[in-house]
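Structure first, commentary second.
All residue numbers refer to positions in the sequence shown, counting from 1. Both counts, for ligands and for their atoms, begin at 1 and track the order of listing. All figures in this text were calculated on a predicted structure; none of them were measured in a lab.
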Amino acid sequence: MTSYKELGLVNTKDLFKKAISGGYALPAYNFNNMEQMQAIIQACVETKSPVILQVSAGARKYANQNILKNMARGAVEYAHELGYDIPIVLHLDHGDSFEICKDCIETGFSSVMIDGSHLPYDENVALTKKVCEHAHSQKDYVTVEGELGVLAGVEDDVSAEHSHYTQPSEVIDFVNKTKVDSLAISIGTSHGRAKFKPEQCTRDANGILIPPPLRFDILEEIEKQIPGFPIVLHGSSSVPIEYVHIIEKFGGKLSDSVGIPEEQLRKAAKSAVCKINIDSDGRLAMTAMIRKVFSEKPDEFDPRKYLGPARDELKKLYSHKNKNVLGSAGQA
Ligand code: G3H
Ligand code: 13P
Ligand code: ZN
């Protein structure tokens, strides 16, 4: 059993309190490999932003949970070496069972998500409560994120055909019964790079898809029910069209890509939304740069020569998010 404090990590409790009162959201960036971790830490140190490093089930399978834990320990030391100690959370993204959450807590995660959103309400309550009881009774309190409402979209291990918005009438009961530390809600975001079907969107003069707005009315209603309670938005990539164009220019095919506009995320970050999950945008940034190098330098075969530019672009993207979208820059 490793406590996250031994790794130099923190839980989300105080960070969320500060984010809500300060009107910004913490970045929650997924990572699976060293380059992603380095880019996240470089960007967050440069912008003096606290950060949540997220590990999905897919990441655990791909990279090994212990390696990721030690990369988080390395991230703490790396930030220090870069000259500024930022608060770093190691968070399990979309945990789907009590056992996975328990295992991650024993490994040294400081925060876990138990995603019972696909279960009938009472089962979601029971599972989330069980995880909270376990996480909160640790010597060092581990924070827990629950979810109400189902996001549409497709990821490797996270999929839901249809979204169901969070019902504001359920949130007080859920929070009181489970004792979760934060609540992920569904107000129109979804996972992946194609967040809406083209028929749900309009098009601008250049034929670019314009998505329907997020359901801020539902968010406001939720905030009325549980004032000041930490809210989380999943599926919050903006799917920058520049990356889609680079990927397509160099042979990729990403038709009908559409994300959540940055202005809407800025607006959400100013509310009780205090954690915003972003993964797909990082994938797009890396893929764009790797495709570009492969196409422009066909004789290149040193992985550092394409992973390096991908890492640099990723850092640029995350710095931009912290400064201009989430408002977390300068808050560490
Ligand atoms: O919420 C989903 C994240 O983007 C993680 O995706 O399961 O493919 O690692 P993944
Ligand atoms: P995106 O696919 O929009 O990046 O969402 C990531 C996410 O919600 C991780 O939990
Ligand atoms: Zn998610």
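- Judged purely by atom type and a 3.5 angstrom limit, R193 has no side-chain atom pairing as donor or acceptor with the backbone of D281.
- At a 4.0 Å cut-off, not a single heavy atom of R283 sits close enough to ligand 2 to count as contact.
- With ring centers used as reference points, H94 lies under 6.0 Å from H191.
- Side-chain atoms of K270 never come within 3.5 Å of backbone atoms of G23 as a donor-acceptor pair (strictly under, hydrogens ignored).
- Residue H191 places at least one N or O, backbone or side chain, under 3.5 Å from an N or O of ligand 1.
- The proximity of D279 to ligand 2, defined as any non-hydrogen pair under 4.0 Å, involves the side chain as well as the backbone.
- Of the heavy atoms in A28, none comes closer than 4.0 Å to ligand 2.
- An N or O contact shorter than 3.5 Å is missing between D281 and ligand 2 by distance.
- Partner of N30 under the side-chain hydrogen bond (donor to acceptor under 3.5 Å, both in side chains) criterion, chosen from Q36, Q54, R283: Q54.
- Taking a cutoff of 4.0 Å between a charged side-chain nitrogen and a carboxylate oxygen, E313 and K316 qualify as a salt bridge.
- A salt bridge is absent between E262 and R266; no separation between the charged side-chain nitrogens and carboxylate oxygens falls under 4.0 Å.
- Residue contacts with ligand 2, taken as heavy atom pairs separated by less than 4.0 Å, involve N30 solely via side-chain atoms from C-beta onward.
- Taking the six-membered ring where the residue is Trp, the centroids of Y29 and Y318 are separated by under 6.0 Å.
- Against a heavy-atom cut-off of under 4.0 Å, H234 is close to the following atoms of ligand 2: 8 (O), 10 (O).
- Per residue H234, closest N, O or S atom to the Zn ion (ligand 3): atom name ND1.
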message: With ring-ring contact (aromatic ring centres under 6.0 Å, His included) as the criterion, how do H91 and F109 come out once you've worked through the C-alpha distance, each side chain's angles and the decisive distance to 0.1 Å?
response: CA-CA 6 Å; H91 175 77; F109 283 51; 8.5 Å; no
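- Between G235 and ligand 2, at least one pair of N/O atoms sits closer than 3.5 Å.
- The N30 neighbourhood of ligand 1 comprises atoms 3 (C), 5 (C), with distances under 4.0 Å to a heavy atom of that residue.
- Under the 3.5 Å distance criterion, the side-chain polar atoms of S271 are matched with a main-chain donor or acceptor of V273.
- The side chain of H94, and not its backbone, has at least one atom closer than 4.0 Å to an atom of ligand 2 (non-hydrogen atoms only; side chain from C-beta on).
- The shell of residues lying under 4.0 angstrom from ligand 1, judged by heavy atoms, includes R283.
- In the vicinity of D279, heavy-atom distances shorter than 4.0 Å reach the ligand 1 atoms 3 (C), 4 (O), 5 (C), 6 (O).
- Nearest-residue assignment for atom 7 (O) of ligand 1 (options S190, S56, A59, G282; heavy-atom criterion): S56.
- Heavy-atom contacts of H94 reach the following atoms of ligand 1: 1 (O) (cutoff under 4.0 Å).
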